[in-house]
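Here is the naming used below: chain letters follow the sequence lines, and residue numbers restart at 1 for every chain. Keep in mind it's a predicted model, so treat the numbers as computed, not measured.
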There are 2 protein chains.
Amino acid sequence: MTEVLSVTERSRLRRLHQRGTFDRATINAILDAQPMCSVGYVIDGKPYVTPTLQWREGDHVYWHGSSASRAIRQSRGQEVCLTVAILDGFVMARSGFHHSVNSRAVMLFGRAEPVLENQKEARLTAFIEGLWPGRAAALRPMQPQELKATTLLSLKIAEGSAKVRSGGPVDDEEDYALPIWAGVIPVTRGVGRPEPDPRNLAGLEPPEHVTEFRWCE
Amino acid sequence: MTEVLSVTERSRLRRLHQRGTFDRATINAILDAQPMCSVGYVIDGKPYVTPTLQWREGDHVYWHGSSASRAIRQSRGQEVCLTVAILDGFVMARSGFHHSVNSRAVMLFGRAEPVLENQKEARLTAFIEGLWPGRAAALRPMQPQELKATTLLSLKIAEGSAKVRSGGPVDDEEDYALPIWAGVIPVTRGVGRPEPDPRNLAGLEPPEHVTEFRWCE
């Protein structure tokens with residue numbers, strides 16, 4: 001039997017499907033699932049958005065770049081908006097209007113504070129270890145001039161929201177009678193087979209942090 | 001035999017690996033591969049970034065939203081920065097400094113112009129047809145109040161750049177002698193099995209635009 005929802009129930013359902021929240025567990029889970037982010041900043045009153053990688057440690061998100069880059073120079077000490085968005089599926093409704101996407105997104109606001117010189121190595125190590133446990137210790141050590149050429153920025157997770165949409169389409173009641181296929185096409189992600197550098201030393205096998213690396217978002 | 005590159009050759013190689021371009025074919029291919037985008041705009045001097053879906057027709061990109069939404073109201077007629085970024089792989093080098101990601105990104109600048117009322121239906125139809133050929137005609141027709149509640153914004157592809165990084169790591173010459181696994185972990189995407197809405201009419205099979213939908217970016 002098909003359950004028929006009242007208008008009130010449908011609008012409640014819509015709210016449940018898509019809601020903004022500052023629940024820290026939700027925000028953390030989204031940040032931790034997807035390193036790709038977009039950092040928005042302002043130069044001469046105009047908006048700029050730079051895609052980069054972020055990582056989280058406790059109450060802060062971090063990102064880095066060449067100290068000479070425009071994105072880093074112009075957002076250092078300034079107000080930024082950092083977003084992470086994960087597309088989970090296409091929601092196919094019976095009308096164009098009710099088509100949607102299932103997604104998880106975080107939007108954070110605040111001032112991008114530069115990480116102190118004596119903290120940079122520890123933060124970059126945490127970044128690498130967060131993705132590939134054990135890799136940092138296996139690498140050629142960081143050199144002072146590399147750290148100097150790199151600026152790390154941080155943003156305290158204090159203002160912003162997470163927005164999550166999941167589940168199937170929510171159509172206008174009268175449209176459920178139409179012979180139109182509705183549902184969700186899920187979007188999936190994964191990693192392919194690691195491609196070794198042709199210049200790897202002979203006989204070098206990929207370590208566990210490579211072979212076990214998963215990209216599940 | 002391992003080819004040894006000079007410093008000049010290596011910096012040339014680095015430039016080849018990552019370069020900014022306004023080549024329209026490259027920009028179009030990236031926009032057409034990934035509907036998810038980030039739109040940056042400014043309110044009271046502060047940056048905002050909203051994830052949304054974009055589609056391209058000729059020399060314009062379009063996006064849409066509720067006419068009442070902050071993101072739409074505040075970017076309508078204003079300067080925006082629209083970016084699309086696709087993560088293709090993790091580039092694992094022999095030092096942390098030379099780790100990178102393979103990616104394709106587009107950054108566009110300009111004024112977000114509202115689409116005229118009498119053009120909205122055609123643009124939204126193109127959006128749906130671009131993703132699922134044949135679906136627009138199968139849907140319950142758009143209603144005037146739905147079109148009224150929706151604002152479409154457009155941006156002429158005139159200012160901006162594409163940036164593409166591909167290929168393996170480029171390490172410092174002396175680091176190639178180290179027994180550190182280097183290479184690329186490719187990131188893949190796809191679609192899962194379509195999940196029909198439990199309220200679909202009995203016996204309704206998914207159409208070809210659903211079963212044949214691919215997400216290859």
Side-chain angles (χ1 to χ4, degrees), chain A residues 2 36 38 40-42 45-49 51 53 79-81 83 85 87 90 92 94-97 99 101 105 107 124 128 136 138-140 142 146 168-169 175-176 178-192 194-197 199-201 204-207 210 213 215, chain B residues 2 36 38 40-42 45-49 51 53 79-81 83 85 87 92 94-97 99 101 105 107 124 128 131 136 138-140 142 146 168-169 175-176 178-192 194-197 199-201 204-207 210 213 215:
Chain A
T2 301
M36 283 281 282
S38 297
Y41 49 101
V42 177
K46 292 189 178 182
Y48 288 74
V49 179
L53 300 189
E79 292 285 335
V80 298
C81 173
T83 63
L87 177 61
F90 292 94
M92 324 279 287
R94 293 154 183 92
S95 62
F97 190 70
H99 275 63
V101 288
M107 187 186 281
L124 288 169
I128 291 179
L139 295 173
R140 182 266 281 156
M142 298 184 204
E146 293 176 337
D175 292 342
Y176 283 96
L178 299 171
I180 300 169
W181 189 93
V184 173
I185 305 182
V187 169
T188 60
R189 281 165 209 82
V191 294
E195 299 162 355
D197 187 338
R199 293 186 65 183
N200 278 349
L201 298 189
L204 200 61
E205 290 297 322
V210 171
F213 182 74
W215 179 254
Chain B
T2 301
M36 283 282 281
S38 297
Y41 49 101
V42 177
K46 291 190 178 181
Y48 288 74
V49 179
L53 299 187
E79 292 284 334
V80 298
C81 174
T83 62
L87 178 61
M92 324 278 288
R94 293 156 182 89
S95 62
F97 190 70
H99 276 63
V101 288
M107 186 185 281
L124 288 170
I128 291 178
L131 286 166
L139 294 173
R140 183 266 282 157
M142 298 183 204
E146 292 176 339
D175 291 342
Y176 284 96
L178 299 172
I180 300 169
W181 189 92
V184 173
I185 306 182
V187 170
T188 60
R189 280 166 209 84
V191 294
E195 299 161 357
D197 186 338
R199 292 187 65 184
N200 278 348
L201 298 188
L204 200 61
E205 291 297 323
V210 170
F213 181 73
W215 180 254

Between [X] and chain A, which part of the residue has a heavy atom less than 4.5 Å away: side chain, backbone, both or neither?
X	answer
B/Ser95	both
B/Ala138	backbone
B/Leu139	both
B/Asn200	both
B/Tyr48	both

Shortest non-hydrogen contact from [X] to [Y]?
X	Y	answer
A/Gly168	A/Val184	CA-CG2, 3.8 Å
A/Thr83	A/Met107	CG2-CG, 3.8 Å
B/Pro179	A/Leu204	O-CD1, 3.7 Å
A/Val210	B/Met92	CG2-CE, 3.9 Å
B/Arg94	A/Asp197	NH1-OD2, 3.1 Å

Query - A/Val187: side-chain contact (heavy atoms from CB on, under 4.5 Å) partners, not counting sequence neighbours - result: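 Once residues adjacent in sequence are excluded, the partners of A/Val187 under the side-chain contact (heavy atoms from CB on, under 4.5 Å) criterion are A/Leu87, A/Phe90, A/Arg189, B/Trp215.
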
Under 4.5 Å, counting heavy-atom pairs only, tell me which of [options] racks up the most with chain B.
options	answer
A/Gly183, A/Pro207, A/Pro186, A/Gly192	A/Pro186
A/Asp175, A/Leu201, A/Thr188	A/Thr188
A/His99, A/Met142, A/Met36, A/Glu205	A/His99
A/Pro206, A/Ser38, A/Ala105, A/Pro194	A/Pro206
A/Glu146, A/Glu79, A/Lys46	A/Glu146
A/Val191, A/Leu124, A/Ile128	A/Val191

Requested in this report: Give the member of B/Gly40, B/Ala182, B/Ala85 that has the highest number of heavy-atom pairs under 4.5 Å with chain A.
Outcome: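 Heavy-atom pairs under 4.5 Å are most numerous for B/Ala182.
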
Report task. Only counting residues at least two apart or in another chain, list the ones meeting salt bridge (Lys or Arg N to Asp or Glu O under 4.0 Å) with A/Glu195. Result -> none

